[in-house]
Amino acid sequence: MIKVVSYNMHKGVGLDRRRDPRRILDVLQEIGGDVIALQEADLRFGAKTRVIPHHMLDDHSPWQAVPIAHDGGNMGWHGNALLVRKGAAVGASAALHLPALEPRGAIRADIVVHSAPIRVVGMHLDLSGLWRRRQARAILAHVDSCAAPLPTVLMGDLNEWTRAAGCLRDFGRDFVSAQTGPSFHARRPIGRLDRIFTRGFRLLDCGVHASPAARRASDHLPIWAVLEPQ
């Protein structure tokens, strides 16, 4: 069984307006995922450095960041980062350039978790519905172009407020949506902006992590799913 998590960490800024990366790690420790897709993991302006410092991830967590080709001190690509359990084998990875009005991207990595090879895509899509659909098609085209088919997870902040239209329909043609529940806003979640889609897995369980710590650490709540490769 593999537990995957998606979390828009809001650059580490909680509802008290304090930036506290250790608080983000505490929330992730509560969930205990094997593979984690983070959004807004880097500062957007200035040096665009990672919010969670190297030493904090190395010394105070069971995870390592998947290396993604980029410039500077970022953890990922356009704020998207993937964390995996230390010791997990990481194969091919890629930064996906998405069509967008504003800087947007997605990242993909092939990982071996509990002896199971899987493919993971982390993403943060546009505020515009038209551009979200273009981005969804670009992500799906990239996955289909990969040489070896693998059980695949697509997860992230889709910024999609509709229940079954727009980019959800595009992803839903070939992928199964985990019905995790509303994750935004953390204070009173009503929006299902954060999503997990799977192909080649059996969904065993899923949900939204709504602990007191999670309700303070970001404006989004993390979502999770327990999967079994078919």
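- A salt bridge links Asp144 to Arg199: one of the charged nitrogens lies within less than 4.0 Å of a carboxylate oxygen.
- Using modelled atom types and a 3.5 Å distance limit, the side chains of His124 and Asn80 yield no donor-acceptor pair.
- A cation-pi arrangement, defined by a distance under 6.0 Å to the six-membered ring centre and an angle within 45 degrees of its axis, is present between Lys3 and Trp224.
- Around the CZ atom of Arg19, the shell of radius 6.0 Å holds more than 12 heavy atoms that belong to other residues, nucleotides or ligands.
- A salt bridge does not link Asp126 to Arg132: none of the charged nitrogens lies less than 4.0 Å from a carboxylate oxygen.
- Using a 4.0 Å cut-off between charged side-chain N and carboxylate O, Arg18 and Asp16 make a salt bridge.
- Hydrophobic clustering places Ile2 together with Ile196 (ILVMFWY residues linked when any side-chain heavy atoms are closer than 4.5 Å, directly or through intermediates).
- Using a 30° and 60° split on the angle between ring planes, Trp161 and Phe184 fall in the perpendicular class, above 60°.
- Ile111 is not connected to Leu150 by any chain of hydrophobic side-chain contacts under 4.5 Å among Ile, Leu, Val, Met, Phe, Trp and Tyr, and they are in different clusters.
- Considering only heavy atoms from C-beta on, Val113 comes within 4.5 Å of Val35 through its side chain.
- Side-chain polar atoms of Ser6 and Gln39 form a donor-acceptor pair below 3.5 angstrom.
- Note on Asp110 versus Arg119: salt bridge recorded, some NZ/NE/NH1/NH2 to OD/OE distance being below 4.0 Å.
- Under the 4.5 Å side-chain heavy-atom criterion for Ile, Leu, Val, Met, Phe, Trp and Tyr, Val120 and Ile68 are members of the same hydrophobic cluster.
- The two atoms that bring Met9 and Ala41 nearest to each other are SD-CA, 3.8 Å, heavy atoms only.
- The shortest side-chain heavy-atom distance between Arg108 and Ser93 does not fall under the 4.5 Å cut-off.
- Pairing each heavy atom of Ala100 with each of Gln135, the nearest pair is CB-NE2, 3.5 Å.
- The pair Asp34-Arg85 meets the salt-bridge criterion, with a side-chain N (NZ, NE, NH1 or NH2) lying under 4.0 Å from an Asp/Glu carboxylate O.
- Phe171 belongs to a hydrophobic cluster whose remaining members, ordered by chain and number, are Leu96, Leu98, Val121, Met123, Leu125, Ile139, Leu140, Val143, Leu154, Leu158, Leu168, Phe175, Phe197; membership requires side-chain heavy atoms of ILVMFWY residues under 4.5 Å apart, directly or through intermediates.
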